[in-house]
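Scroll down for the structure; my scribbles are underneath it.
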Amino acid sequence: PPGPGDPAESLPLLIQSMTGFGAAKAGDLRVEIASVNGRGISVKARLSEALAPFHPLVEAKARERIHRGTLTVSVSLRARAGARRAHLNPETLAAYAREFALARKRLPSLPPVDWGTLAALPGVMDPPAEEAGLEHLLSKALDLALKACIKDRTREGRALVGHCRRILSQAEKSLAVAASRREGAREALSQRLQARLGEALTRAGLSGLDDGMRRELVLHAERGDVAE
């Protein structure tokens, strides 16, 4: 384990897990952020049709605060009874229609444009007055949910560091046991090799070899295959 002043001492502060969850509410908005493992950063935003214009805001804020993992950001808007509906802006719609008609006249191969496409264009549908502050509420809820998700990822990271340290501690103990047994194992191996070498030399009628030659043969046997 790292001692005082060791850079590894700060591991719990530096390591974040890529898995986490955070949720927050602001007004009628609820934001949920789920984070899982992934290379780099990937943001998947799930927004209702009414919130689709805020997709760039959601992705930008998520990427600003979290830099690794795959994030799924779900934003829901609770409909209130009696809320005013968005209304059509006929001047903007007519302008778009004229532009598309002119384009089809110049390029007859272009497909016709349906009303759904026209209605989704910027400025065609004016939002109701109740949604004027929607961007502010969404930004607030995103900040709170991201903060909660980062806190969860940090907690998971600290747990991961603790787990890794327990594994390293056990490995160090195992290495210490192996080191304490190494000399005894070498001596036992040397004795077994000397005994087998003596038997082999006796069978070969070479029992008269001096101790120096015996040691050389034992060292060679230790470096090579025991059967040899």
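Keep in mind the model is a prediction, meaning the values are calculated, not measured.
A distance-only check finds a donor-acceptor pair linking the side chain of T154 to the backbone of I150 [under 3.5 Å]. With hydrogens and angles ignored, the 3.5 Å screen pairs no side-chain donor or acceptor of S139 with any backbone N or O of E135. D28 places no side-chain N or O within donor-acceptor distance of the main-chain N or O of L77, the cut-off being under 3.5 Å.
A salt bridge between E156 and R158 is absent, with no side-chain N of the basic residue lying under 4.0 Å from a carboxylate O of the acidic one. In summary, K140 and D143 do not engage in a salt bridge, as defined by a charged side-chain N under 4.0 Å from a carboxylate O.
When the shell of 6.0 Å around CZ of R30 is examined, it contains more than 12 heavy atoms from other residues, nucleotides or ligands. When the shell of 6.0 Å around CZ of R104 is examined, it contains more than 12 heavy atoms from other residues, nucleotides or ligands.
Criterion: ILVMFWY side-chain heavy atoms under 4.5 Å apart, direct or through other members. Under it, V75 and V43 are part of a common hydrophobic cluster. In the hydrophobic clustering of this structure, V31 groups with L57; members are Ile, Leu, Val, Met, Phe, Trp, Tyr whose side-chain heavy atoms approach within less than 4.5 Å, directly or through other members. One hydrophobic cluster holds both L71 and L47 under the rule that ILVMFWY side chains link at heavy-atom gaps under 4.5 Å. If you chain together hydrophobic residues whose side chains sit under 4.5 Å apart, L93 and F100 fall into the same group. The cluster map of Ile, Leu, Val, Met, Phe, Trp and Tyr, joined by side-chain heavy atoms under 4.5 Å apart, puts L137 and V58 in the same cluster.
Shortest non-hydrogen contact noted between L134 and F54 is CD2-CE1, 3.8 Å.
Within the model, atoms OG of S74 and NZ of K44 stand 11.0 Å from one another, a figure rounded to the nearest 0.5 Å. For the atom pair CG of L142 and CD1 of I33, the computed distance is 6.0 Å after rounding to the nearest 0.5 Å.
Partners of T70 by side-chain hydrogen bond (donor to acceptor under 3.5 Å, both in side chains), not counting sequence neighbours: none found.
Under the 3.5 Å distance criterion, with hydrogens and angles disregarded, a donor-acceptor pair is assigned to the side chains of R153 and S35.
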As a quick check of understanding, evaluate side chain to side chain contact (heavy atoms under 4.5 Å, CB included) for L51 and L29, giving each step before the final call.
CA-CA 10 Å; L51 299 172; L29 281 171; 3.9 Å; yes

